Amino acid sequence: MKKRWGTILQIAATYIGTVVGAGFASGKEIVEFFTVYGLVGLISILVSGMLFIWIGTKMMLLSHRIGAYSYEELNTYIFGEMVGKVINVLTLLILFGVTSVMLSGTGSIFEEQLGFSYQWGILFTLILCYAVMIKGLDGILAVNSLVVPMMLFFSFLIATSLLGHHDFSHVFQKEEPQVAWKSLVSPFAYVAFNLAMAQAVLVPLGKEIKDESVLKWGGFWGGIGLCCMLISYHLALSSLPNVAQFNVPIAEVLEDFGSFIHILFLIVVYGEIFTTLIGNVFGISRKMQKFFVISEKWMIVGILLLSFLISQIGFGSLLGFLYPLFGYTGLLLLFCIAVKQ
């Protein structure tokens with residue numbers, strides 16, 4: 001029984017760790033999708049939580065039942081042979097791009113927050129990523145089992161520290177009709193974008209786990225964890241006036257919390273980016289092994305080097321171009337998984 005629950009918690013942690021990334025860590029993503037909408041944004045977070053539980057679990061179950069080795073098999077099953085090929089090529093290209101975004105993000109943390117070289121930050125991350133990736137899926141599960149509890153603790157710390165010290169009345173203000181209408185789309189767009197990335201890990205994870213009930217409970221608690229983190233960040237960010245103007249809004253919330261919280265924040269941000277990074281590299285590696293007959297170690301080296309070259313474009317430029325494109329692809333994936341029997 002202990003081993004079963006250990007596996008469930010590992011799945012939940014891996015689900016959470018794969019979904020959260022640079023946008024979540026900075027708070028910018030949460031502001032744009034939820035916080036600017038006040039009360040309706042809070043309701044949208046609850047809808048997102050239900051979608052994460054439903055669609056994320058269903059993705060793993062479908063992968064389990066068809067024995068999908070990578071996201072390619074799942075997309076082919078869902079969209080058919082012709083459309084599936086287009087979706088798979090697009091997914092591969094964007095996964096490479098998002099991997100480069102995450103790699104660039106780690107360089108920015110080292111440069112802007114720690115005073116080290118941007119390139120040294122990326123090099124450190126590449127070495128760490130390779131050390132984890134040679135362990136395969138077990139390495140990803142282990143890292144997420146370590147990092148995700150820190151994320152949850154940090155979210156809880158932010159929420160409890162702000163309660164009673166800030167005015168949250170504007171969170172519950174009624175929004176203008178046109179603003180409320182836009183917010184109705186936000187939970188679907190947010191979940192679609194994140195699950196489009198998460199399939200790189202959730203699909204092979206669904207195949208590897210033999211017990212369907214373990215997958216169901218793992219997906220359930222993963223969705224609950226994501227929902228709780230979103231709510232805590234949302235409430236914290238809602239305490240800021242004109243929150244939409246900040247590039248890293250969560251840093252504004254924490255500026256008076258002292259050096260310990262600042263260091264913890266940096267560790268959590270790096271961890272959130274790193275878990276998404278290794279998930280993407282794992283998904284790309286699974287895909288590319290079908291085309292190249294080389295060892296897995298050299299495949300990982302090749303993927304990391306190519307991602308390094310793309311990362312030289314810069315964090316902001318990559319983010320602005322790739323994320324909207326991946327969002328549209330994710331909406332199609334979200335709809336098709338929802339209606340698939």
Side-chain angles (χ1 to χ4, degrees), residues 1-21 24-25 45-46 48-65 68 71 74 102 128-129 131-160 191 194-195 197-233 264-265 267-283 286 337:
M1 182 62 72
K2 286 184 179 179
K3 184 178 180 181
R4 183 171 183 271
W5 273 103
T7 306
I8 289 171
L9 293 177
Q10 277 191 322
I11 293 170
T14 302
Y15 188 0
I16 295 170
T18 305
V19 166
V20 299
F24 193 111
I45 288 175
L46 298 177
S48 296
M50 289 186 287
L51 288 172
F52 275 126
I53 293 171
W54 174 32
I55 304 297
T57 303
K58 190 171 182 181
M59 182 184 288
M60 289 190 287
L61 289 175
L62 282 172
S63 305
H64 173 81
R65 291 175 184 178
Y71 65 85
L74 180 65
M102 296 299 150
L128 188 61
C129 186
V132 172
M133 293 310 304
I134 58 174
K135 301 293 184 181
L137 191 58
D138 289 338
I140 294 175
L141 290 170
V143 168
N144 280 285
S145 297
L146 177 66
V147 172
V148 170
M150 291 179 59
M151 297 181 194
L152 293 170
F153 171 74
F154 184 72
S155 300
F156 176 77
L157 189 65
I158 292 174
T160 54
V191 173
N194 281 289
L195 286 184
M197 280 199 300
Q199 66 172 324
V201 171
L202 295 186
V203 170
L205 187 60
K207 179 181 182 296
E208 295 296 327
I209 302 299
K210 306 304 180 185
D211 188 343
E212 283 197 4
S213 67
V214 170
L215 286 174
K216 290 177 181 177
W217 280 109
F220 174 79
W221 288 114
I224 292 292
L226 286 167
C227 188
C228 290
M229 289 178 69
L230 284 170
I231 291 173
S232 64
Y233 268 68
L264 182 61
F265 168 66
I267 295 172
V268 169
V269 169
Y270 185 85
E272 289 182 349
I273 294 175
F274 187 74
T275 53
T276 303
L277 173 65
I278 59 176
N280 288 352
V281 172
F282 179 76
R286 280 284 179 110
I337 290 180

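From a predicted model like this one, the values you see are computed outputs, not experimental measurements. By convention here, the first residue in the shown sequence is residue 1.
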*Asks:* Closest heavy-atom contact between R4 and S213?
*Replies:* NH2-OG, 2.7 Å
*Asks:* Quick one: CH2 on W217 to OG1 on T7, what's the gap to the nearest 0.5 Å?
*Replies:* 15.0 Å
*Asks:* What is the distance from atom CG of L202 to atom NZ of K58, rounded to the nearest 0.5 Å?
*Replies:* 15.0 Å
*Asks:* Find the distance between CD1 (I11) and CD1 (I16) and round it off to the nearest 0.5 Å.
*Replies:* 12.0 Å
*Asks:* Give a yes or no on whether the backbone of E212 and the side-chain of H64 come within a donor-acceptor separation of less than 3.5 Å.
*Replies:* no
*Asks:* Please report the C-alpha distance between V148 and T14 in whole Å, then the side-chain angles of each, then the deciding distance to 0.1 Å, and finally whether the side chain to side chain contact (heavy atoms under 4.5 Å, CB included) criterion is met.
*Replies:* CA-CA 8 Å; V148 170; T14 302; over 6 Å; no
*Asks:* Nearest 0.5 Å, what's the SG-CG distance between C129 and L277?
*Replies:* 4.5 Å
*Asks:* Run the numbers on Y15 and L226 for side chain to side chain contact (heavy atoms under 4.5 Å, CB included), then give the verdict.
*Replies:* CA-CA 9 Å; Y15 188 0; L226 286 167; 4.1 Å; yes
*Asks:* Between L141 and S145, which heavy-atom pair has the shortest distance, and what is it?
*Replies:* O-OG, 2.7 Å
*Asks:* Is the side chain of T275 donor-acceptor paired with the backbone N or O of G17 at a distance under 3.5 Å, no angle test?
*Replies:* yes
*Asks:* Where is the tightest heavy-atom contact between C227 and G49, given as atom of each residue plus distance?
*Replies:* CB-CA, 3.9 Å
*Asks:* Would Q199 and S63 count as a side chain to side chain contact (heavy atoms under 4.5 Å, CB included) if you check the C-alpha gap in whole Å, the side-chain angles of each, and the deciding distance to 0.1 Å?
*Replies:* CA-CA 10 Å; Q199 66 172 324; S63 305; over 6 Å; no
*Asks:* For G136 and F282, which heavy atoms make the closest approach, and how far apart are they?
*Replies:* C-CE1, 4.2 Å
*Asks:* So which heavy atom on T57 is nearest to which on L215, and how close?
*Replies:* CG2-O, 4.2 Å
*Asks:* Once rounded to the nearest 0.5 Å, what's the spacing between atom CG of L195 and atom CD1 of I337?
*Replies:* 7.0 Å
*Asks:* Quick one: pull up CZ in F154 and CD1 in I267 and give me the separation to the nearest 0.5 Å.
*Replies:* 10.0 Å
*Asks:* Would a 4.5 Å heavy-atom cut-off, applied to side chains only, mark E272 and V147 as touching?
*Replies:* no
*Asks:* For T18 and N144, work out which heavy atoms get closest and say how close.
*Replies:* N-OD1, 4.1 Å
*Asks:* Is any side-chain heavy atom of F52 less than 4.5 Å from a side-chain heavy atom of N194?
*Replies:* yes
